[in-house]
Structures are given as structure tokens and as C-alpha cells.
2 protein chains.
Amino acid sequence: MSAYHPLTESEAIERARAVPGVFAPGANLTVREIGDGNLNLVFHIQESGQGKGLILKQALPYAKVVGESWPLTLDRARIESEALMIQGELAPGLAPKVYEYEAELALTIMEDLSDHVIMRRGLIEGNAYPLFAGHIGEFLARTLFFTSDFGMNQQQKKLQTGRFINPELCKITEDLIFDDPYTVSANNNYDPAIENEAAALRSDRELHLEVARLRYGFLTKGQAMLHGDLHTGSIFVTPTSTKVIDPEFAYYGPMGFDIGAVLANLLLNAAAQGGRMDDPSALGDFRAYLLDTVKQVWVEFETRFRALWAEHCVDRLLRESGYLDAFLAELLQDTFGYAGAKMVRRIVGLAHVADIDGIPDEARRNRARRVALGIGADLIKRHRTAGSIGQMLAVANLHFASKEGN
Amino acid sequence: MSAYHPLTESEAIERARAVPGVFAPGANLTVREIGDGNLNLVFHIQESGQGKGLILKQALPYAKVVGESWPLTLDRARIESEALMIQGELAPGLAPKVYEYEAELALTIMEDLSDHVIMRRGLIEGNAYPLFAGHIGEFLARTLFFTSDFGMNQQQKKLQTGRFINPELCKITEDLIFDDPYTVSANNNYDPAIENEAAALRSDRELHLEVARLRYGFLTKGQAMLHGDLHTGSIFVTPTSTKVIDPEFAYYGPMGFDIGAVLANLLLNAAAQGGRMDDPSALGDFRAYLLDTVKQVWVEFETRFRALWAEHCVDRLLRESGYLDAFLAELLQDTFGYAGAKMVRRIVGLAHVADIDGIPDEARRNRARRVALGIGADLIKRHRTAGSIGQMLAVANLHFASKEGN
């Protein structure tokens, strides 16, 4: 890695220019560093007036969010580029195209998606994406099925598991999602106004046992190659297109972790809208859309997963034994649990979401936090009794009603 | 691997002579190839009249049991030697000492245990090993705990998982234990006299669903570095010593698979004794010893595992949440299931056990097979409701009584 150094903007331009077949020779290229994540530089290179562009994503050897004191190996850039290619192949059109990967620089050069918006931003602005549930259901079903023991050669799957051993980024998840929110930790970060609720998370033994089950599942259930960080900030959308980006947390883990991440972030936005929208009717409509999307994501996922199983399941015994129903029942339960864990960490943990932190009014902002925490903790506690996706909507509505007084 | 070739006996002697500090210079060494397994050459080198010896174990690039048509990579020799060293370090005195490992020849040079006997042989002869339950409980508790997310750094555990990706030997287990016995397969091998029982295994949908759960657990539950083939043919014993050998199936899998293997082989011997012993009182005594050993193996394991957890658990949330009880409850259930699967495969599958196949009287031999199959299938079907090790003894006694008429 001796050649490694963080690229300058002018180096990024020259590197982009060398990608064959994208820019005209001698084209006038502009660059902007647009990384809003914590772990990488992201250069957006554009050809003036041509609508052509590239993204250069370079891993940094530390996590920006905690300064240079949190070192990270650059191997995660390899993992991310390999995951992007696998996801792009398994779910065509739903991940950015990768042009090149340069190991020495921990650099991935990929499709420019600047005609898309980050889904979190779009939802905050109150936009609906009617095709999203189908798209993400397709992404989840195909990437999870075809990297699992159901959909790929089971010996190849073991070897692929070995290529996605991702200790450092898993450690971030293990700490920030499955530990810190439930104890006193310097990583925690919340408004003193919700101290009572945060303290309750730390003292709730029933909750801790359910979180322990989820944590242990994250540590040991090597079901499929996960995206590993599938929140609405990792999804680009337009009304007609969905692109899943940033799979640097990819590893072999429990499928419900990815599905739960999507649903959690929809529910976080639904909680936030209670602090943003003044018109009860508009609020009701948008929440109905969001909750319907929660349901549809699961339904679209399950429908496709069942179809893939029927056509492509490689495992004789699993296929013929009726195991699919048992598997999906447990997967729904995992999905409830991981969705809940993802919600809780976004309120009291290190990294928050703009959906809620950006609510202008302080009282409404903290009310939205209490709503989100209530839903999250409830989903965790109920996860092993979950029997239908409808129960997730009911939990959300319960907390909207009880904490917002409507 | 160009230097690889199966060693001749004279090469084995010269290689053994080169190990420092074992044999006197110019010692008169004798050699015997004693491999009774299917995958390896095993040379026993001895210095005449000195009681000193070495074992040279060399992996073959194919499985002998099915001829040269079943190729296997030699990387399993690395896996075996690394597993032996880890097990020896974690459970001192309970695994053979490794002197050298030579990658090019897929050769491990280790302690000579010819003062021990193979436990399967000892049990067939009706010998009891009163220290065995404590020894194997110690081996299981320490090797499973300290290679798991409970007892080692969780990021190192992920990297270690990557070093024990073992696709080919796992494939053997997946086929022979978790598939073939429940379908028509050329690998199956049983006496036509038990065709009815074998056919019942193939048509029992309830059984298939439970086997599917166990199979999927074997494919995905990366809990600890398993031995992977822990039957009584992989255990050397004396009245005072226990040594676990042959961990070439080592990989990260469900802990209950190793524990279940030990218990299954004790139960197979208990079933076999019904065909061997004529004196009901002697039979009753030996079975009482065997069933008590089944119970004690679990108790000794659990006691030690709890003590290790109390002193060494590295995971704050798991430690403080009361997760240990939940974990052990599930582990007991897995242990029932895997024990059952191990018993079934030894009756109708490719590889049998001498405990039963060596019963001289044909009718009594097939009765013992029916007893073993009955216990095995019952343990599989009941595994998710298992709540105490005592239930395993009850299941065994039920089938002894109902099938032997005593």
C-alpha cells in the first residue's frame, strides 16, 4: 500500500480522464469532493455542459466521524467494489456500474448518479417513490437469495464468505448498533431532553436480552452477503429509478439485517414527519404512504424470494421439505428485531438521521425521537412473536397515537 | 504442490528421523501404515525397544472410500494441523502434540498415541472410561468457548473463520448426514432387512423439515471452530487419558454439532450392546454407564462452559443480559438434533460404525439398527422441544424397551 495517498482534486480529474470511453479527449472536467459519509473521499467529476460524469470513491485509512484516531484498513475498498459488482450482476440496474477498481489507491471508479437524489433527502422533502418498494424488494430478494445457500453453489458460498470477512466495519456495527445504546458509552449522543428515555434503554433487562439475541445473530448467522448499511442514505432514487450504493459494510450475515435497515429508515421518516407536517391530513397521507411502503417492501421481497426459490433453489432437502415457510417466518422475526435496533441507534447512538435531527422545532424534534425510540424498542421486544408485516405497521401506529395524542 | 507425492514407508522413516529430539541418532526405526480412515495415509514410526514413536499423517488427494473419483484438495491438511494446534493450546493434554507441519507434502507429524486405544474399539469390548465425560466436557467447553464470539476477540474470530473455510469436507457432511439418508441416493448403504425403516426415513415429511433446520444450521451458524467429526473413532482413550484426533473437518459451525456427535456415538454403542450382551444384568449395567456418560458429557460441558463464561466472556452485552441461559437452551436443542442426525446416517448412510455392523448375529444386528434409527429419528423430531439432557436418556430407553421387548 506504499502508493496509497488521499487523492487531490486535480489527481482525481486526471484519474477520471484515463477511464476509457467516458470523456472526450481534452474535455473540460470539473471536480467536487462530495463525501458526506465518514469513511471516504468521494469525487464527482463532470464534463462541462455534456451531462457526463464519474464518481471516484476512495477509502480513507480512518473514520472521519471520530477523527484520525479510529484507523480502518483499506481492504474495505476491495470489499465495496466486489460487492458493487456482485450486486450489479445479481440485481441489474439497481446498483451503480463499476468502471475500475484500483487496489493500491483503494479507489473505485463508478457511474455518476447525480441525476438521482439521496432517498433520505427526498423523503424529508415529502416526496413519494411509488416504484421504490418493487425495486428494493427486487434488490433484496435477488442479492440475498443468490448469495445464500439457497441460490448459489454451497461450496462457492463458503469461499465467497471468506472474501467478505469484514472485521473492522462489522465492529462499527457491533458497537454502535448492538452495544452502545444500551449502556453508558462515550459514543452515545442524544439531547438531554430525552435522558429519561435513554436511561430506560440502559435499564431494561427484557430489552437487553432481545438485543443480545440480535447481536449474536449478527455475529454468527452467515446467511447471505449483506449490503450491511442499507439505510435511505445509501439509496439513490428518482421517480423511476433506484440505485443502492456504498456497500462497504458488506459481509455474510443475517438477511433480516438488510431488510430491517430499509424498514427502519422508512419508519424513522414516518416518525419525523410528525414533527415536520402541520396539516394532519397531509401528515396522515404521507404516513399512510410510508407505512404502505414498509408493507410493500416486505411483500415485494417475499413474493420475489418465493419465486426465486421455486425456480432456482439449489438445495434438494431444503427445497422439498417445506423449509421455505419456516425460513421466511424466522426471517420476518429477524427483520422486526433488526429494524428496531436500527431505529434505536439513530436516536441515542453516535450517528443520527437528518429526518429527525433536522426538525426545526425543538419540542417536536424530541417528540419525534420519543416516537422513534418507542417503535424501535417495541419492535425489538416483540420480534420473536412477529407473525405478519402488518404487526409492524400496528406497532408504529400505536406509538404515533400514544405519543402524539392524535 | 509439485513436490507432493504419497510417501513410501521408507520415506516416512527418514522424515521421522529428521524430527529433532525424538529418536536417537542411527536409531532402528520401524514403520507401519495404519490409516483406517478414508482420506489419509497414517504412518506409525517406532524406535525398536525404546517405546518412542511418531505419527506421520499425510492427506491423500482423494477419498479412499469412494476411490480416486472423489478428489479433495490437500488444504485440509493445513486445516487439520492448525486445528490440532489450536485445540492443543486451548485444551492442554486433550489433543496430540504437533511436532511439524509440512505444507508441500500435506504432512503433519505428531505425538504417537499407541499406548491409547480408539474409544469405539474400547466401548465395543465393553470397557468403561470413567474420566471420559470430564475430559471430553473440558475439550468441548474450552475449544468451543475460546473460538467463539464469547471467548475470543470478535474481530480475530472473523479472521479465524476465514482460515477454516473447509468447503470440500463440509460437502461430505452435507451430503452424507444432511441429505442422502432422507432420499434415494447411491451413497446410501443398508441391509435390505431394514428397508421398511429406511423407506420411512424417505417419506417422513415432518422429519425432513426438522432435518432441513439442522442442515441450514450447519450451513450458516458460524458459532465456533468445530472439530467437525467428533465420533468415538476420533477419540483415543486410556483409563486416565483422552486425546481427540483427526480434526480435518474443522470449520466454523454450530456448537451442537460437535457435542451431538459425541452423544450420538455413545448412544450407537448403547444400541449395539443390545445385540452383543446376552446377560440382561451386564447389559443393563453397561447401558446405565453409557447413558450416564451421555448425561455427564453434557453436564461436564455445561458446567465448564458456564464457568468460562463467568470468567472470560468478552462480550459486554451478552455477558450482562442473561443471554447465556438462552444460548444454552438453544444449544441443547441443537445437540439433540445433531445427535439424531449422526445416528441415522450411521445406519442407512455410506459410513457405518463397527459397534453395530460388527454384531455377529444378523437378527440382533438389524434389531440394533432399528433401535438406533428409532432413537435418531426421534431426537431429530423432538429437538426443538428438548429442555433437559434427561430427555435424551428417556428417548433412548423408550426405544430400547419398545424394540427389544425388555
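Given the structure is predicted, the values throughout are model-derived calculations rather than measurements. Proteins come first, then strands; the chains are lettered A, B, ... in the order of their sequence lines, and each starts at number 1.
Residues passing the side-chain contact (heavy atoms from CB on, under 4.5 Å) test with A:Lys381 are A:Asp204, A:Glu206, A:Leu207, sequence neighbours excluded.
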Output side-chain donor-acceptor pairs under 3.5 Å for residues 319-328 of chain B, partner residues at least two apart or in another chain, one line each.
from     : atom 1 : to       : atom 2 : distance (Å)
B:Arg319 : NH1    : B:Cys313 : O      : 3.1
B:Glu320 : OE1    : B:Arg316 : NH1    : 2.9
B:Ser321 : OG     : B:Leu317 : O      : 2.9
B:Ser321 : OG     : B:Leu318 : O      : 3.3
B:Ser321 : OG     : B:Tyr323 : N      : 3.3
B:Asp325 : OD1    : B:Arg306 : NH1    : 2.9
B:Asp325 : OD1    : B:Arg306 : NH2    : 3.1

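A:Phe150 touches chain B through its side chain: at least one heavy atom from C-beta onward sits under 4.5 Å away, while N, CA, C and O do not. Proximity to chain A is absent for every atom of B:Arg163, based on heavy atoms less than 4.5 angstrom apart. Only the side chain of B:Gln154 comes within less than 4.5 Å of a heavy atom of chain A; its backbone N, CA, C and O stay farther away.
No side-chain heavy atom of B:Thr220 sits less than 4.5 Å from a side-chain heavy atom of A:Lys221. Side-chain atoms of B:Glu168 and A:Gln155, non-hydrogen and from C-beta on, never get closer than 4.5 Å to each other.
Counting only distance, with no hydrogens or angles, the side chain of A:Lys157 and the backbone of B:Leu219 share a donor-acceptor pair below 3.5 Å.
Ion pairing between A:Asp149 and B:Arg215 fails under the 4.0 Å rule for side-chain N and carboxylate O. Using a cut-off of 4.0 Å between Lys/Arg side-chain N and Asp/Glu carboxylate O, A:Lys158 and B:Glu174 are scored as salt-bridged.
Taking every heavy atom of both residues into account, A:Leu159 and B:Pro167 meet most closely at CD2-CG, 3.7 Å.
Per-residue counts of heavy-atom pairs under 4.5 Å with chain A were compared for B:Gly222, B:Gly162, B:Pro254; the largest is that of B:Gly222. Chain A forms the most heavy-atom pairs under 4.5 Å with one residue out of B:Glu330, B:Arg205, B:Glu210, and that residue is B:Arg205. Chain B forms more heavy-atom pairs under 4.5 Å with one residue of A:Thr161, A:Asp315, A:Val211 than with any other, namely A:Asp315.
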